[in-house]
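Everything below concerns the one structure shown next.
Along the sequence shown, residues are numbered consecutively beginning with 1. Not measured: the values here are computed from a predicted model.
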Amino acid sequence: MLRVPWTARKTNEEVLKETESTRSLMSRIRRRQAKFVGHIMRREGLENLVTTGRMEGKRSRGRQREKMLDGMTSWMGTKRVTDALSESWDRENWKDMIANAKGQGT
């Protein structure tokens with residue numbers, strides 16, 4: 001492990017180059033989110049209804065918030081949310097999708 005004193009004027013990028021590593025926090029967060037979404041989609045509860053957006057009532061005013069599933073599909077490389085939801089029922093296929101996900105998304 002590289003020890004860098006706080007008095008050394010080095011940027012995070014310089015330290016990452018010295019250790020020959022990359023930033024992995026976003027991909028780790030996305031992977032855990034995908035595992036959680038798969039867990040929720042396999043259940044028939046309130047969490048499933050809220051996540052898929054099938055709740056009754058009025059929408060709030062202003063710009064529509066980005067749904068967790070929309071970000072998940074762009075990160076996993078699927079074209080539609082329904083494709084991702086249908087894949088979540090098969091655990092092995094879902095795990096393969098998470099492992100082979102290509103991008104970090106936004």
### Query
What do you reckon, is CZ of R91 surrounded by more than 12 foreign heavy atoms closer than 6.0 Å?
no
Please name all residues satisfying side-chain contact (heavy atoms from CB on, under 4.5 Å) with [X], sequence neighbours left out, ordered by chain then number.
X	value
E92	D90, K95
R43	H39, E47
R28	S24, R32
L2	V4, V15, E18, T19

## Note on the structure
Those residues at least two apart in sequence (or on a different chain) that pass side chain to side chain donor-acceptor pair (under 3.5 Å) with N93 are E87
### Message
Within this structure, what is the CZ-CD distance for the pair R23 and E13, rounded to the nearest 0.5 Å?
### Response
5.0 Å
### Message
Ignoring hydrogens, what is the shortest heavy-atom contact between R42 and W94? Give both atom names and the distance.
### Response
NH1-CD1, 4.3 Å
